[in-house]
Novice: 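Quick one: structure below, then a few questions.
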Amino acid sequence: MAIEGSRFTRRKEDFECANCRRDIKGNGYTNHCPHCLWSRHVDISPGDRQSSCRGLMEPIGSVYEGGGYIIVQRCQSCDHLWRNKASRRDSTEAILALMGKPVPWNKLCASPIHLPPRARN
Ligand SMILES: [Zn+2]
Ligand SMILES: [Zn+2]
């Protein structure tokens, strides 16, 4: 697994992006790739890493909300929809490229456990 990234101390949250194959340094808050915004379906609730799905999460849209960007991802294996708060290191270009894409918001609202923590209640 460690090919180019072996010069780094690999922590638990570090990963290789399954889509663009870049080595990503995890920061403990996000598990999506800051370059292409893909990730893996590893959480049931945000951050818990309890999902056994491990499918690829494809970014399908983005929205500007509450002072930050939200990336909407869909799992290619189980079709789960996920709202992912963009982090500051994410590629703004990639986020903007997703703006205006059709997102099935009605389905998204039916899965409240995937709302980012600050948006609960
Ligand atoms: Zn990537
Ligand atoms: Zn999944």
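This structure is a prediction, so every number in the text was calculated from the model and none was measured.
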Novice: Membership question, hydrophobic clusters at under 4.5 Å side-chain separation (ILVMFWY): are Val103 and Val63 in the same one?
Specialist: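 Yes; tracing contacts between hydrophobic side chains, which count when under 4.5 Å, links both residues.
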
Novice: In the single-linkage hydrophobic clustering (I, L, V, M, F, W, Y; side-chain heavy atoms under 4.5 Å), do Ile70 and Ile60 co-cluster?
Specialist: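 In one cluster: yes.
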
Novice: For Asn19 and His35, does a side-chain donor sit closer than 3.5 Å to a side-chain acceptor?
Specialist: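 Side-chain D/A pair, Asn19 to His35: absent.
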
Novice: Roughly how far, to the nearest 0.5 Å, is CE of Met57 from CH2 of Trp82?
Specialist: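 Going from CH2 on Trp82 over to CE on Met57, the span is 6.5 Å.
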
Novice: I'd like to know if Glu16 and Arg21 make a salt bridge, using a cut-off of under 4.0 Å between side-chain N and carboxylate O.
Specialist: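 Looking at Arg21 together with Glu16, the answer is yes, because their closest N to O distance falls below 4.0 Å.
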
Novice: Using a 4.5 Å cut-off on heavy atoms from C-beta on, say whether the side chain of Ser91 contacts that of Pro34.
Specialist: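 No, their side chains stay 4.5 Å or more apart.
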
Novice: Please report the shortest heavy-atom distance between Gly55 and Ser77, naming the atom on each side.
Specialist: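 So the minimum-distance heavy-atom pair works out to CA-OG, 3.3 Å.
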
Novice: Treating Ile, Leu, Val, Met, Phe, Trp and Tyr as nodes and any side-chain heavy-atom pair under 4.5 angstrom as an edge, say whether Leu56 and Val72 lie in one connected cluster.
Specialist: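 Not linked; separate clusters.
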
Novice: Measuring from atom OH of Tyr69 to atom CG of Leu98, what distance do you get when rounded to the nearest 0.5 angstrom?
Specialist: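 CG of Leu98 is found 11.5 Å from OH of Tyr69.
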
Novice: Could you tell me whether the side chain of Gln73 and the main chain of Leu37 form a donor-acceptor pair under 3.5 Å?
Specialist: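 Checked: pair present.
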
Novice: What pair of heavy atoms forms the shortest contact from Met99 to Tyr64, and how long is it?
Specialist: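 Scanning both residues completely, I find the closest heavy atoms to be CE-N, 3.4 Å.
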
Novice: Under the side chain to side chain contact (heavy atoms under 4.5 Å, CB included) criterion, do His41 and Cys78 qualify, and how do the steps go?
Specialist: CA-CA 9 Å; His41 189 186; Cys78 71; 3.4 Å; yes

Novice: Which distance, rounded to the nearest 0.5 Å, do you find between the OG of Ser39 and the CD of Glu58?
Specialist: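 CD of Glu58 is found 11.0 Å from OG of Ser39.
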
Novice: To the nearest 0.5 Å, what is the distance between CG on Asp43 and CG on Asp48?
Specialist: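 One gets 5.0 Å once the value is rounded to the nearest 0.5 Å.
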
Novice: Do Asp90 and His32 pass the side chain to side chain contact (heavy atoms under 4.5 Å, CB included) test, and can you show the C-alpha distance, the side-chain angles, and the key distance before you say yes or no?
Specialist: CA-CA 9 Å; Asp90 289 350; His32 62 264; 2.6 Å; yes

Novice: Regarding Glu65 and Lys85, does a basic nitrogen lie under 4.0 Å from an acidic carboxylate oxygen?
Specialist: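 Salt bridge flag = no for Lys85 with Glu65.
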
Novice: Is the side chain of Arg40 donor-acceptor paired with the backbone N or O of Arg54 at a distance under 3.5 Å, no angle test?
Specialist: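 A pair under 3.5 Å: yes.
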
Novice: Would you say that Cys75 contacts Cys53 through its side chain, given a criterion of any heavy-atom pair below 4.5 Å between the two side chains?
Specialist: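 SC-SC contact between Cys75 and Cys53 confirmed.
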
Novice: What do the steps show when you test Asp23 against Phe15 for side chain to side chain contact (heavy atoms under 4.5 Å, CB included), and what is the final call?
Specialist: CA-CA 6 Å; Asp23 276 314; Phe15 64 101; over 6 Å; no

Novice: Spell out, as yes or no, whether a donor-acceptor pair under 3.5 Å connects the side chain of Ser62 to the backbone of Ile95.
Specialist: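 The answer is yes, because a donor-acceptor pair under 3.5 Å joins these two groups.
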
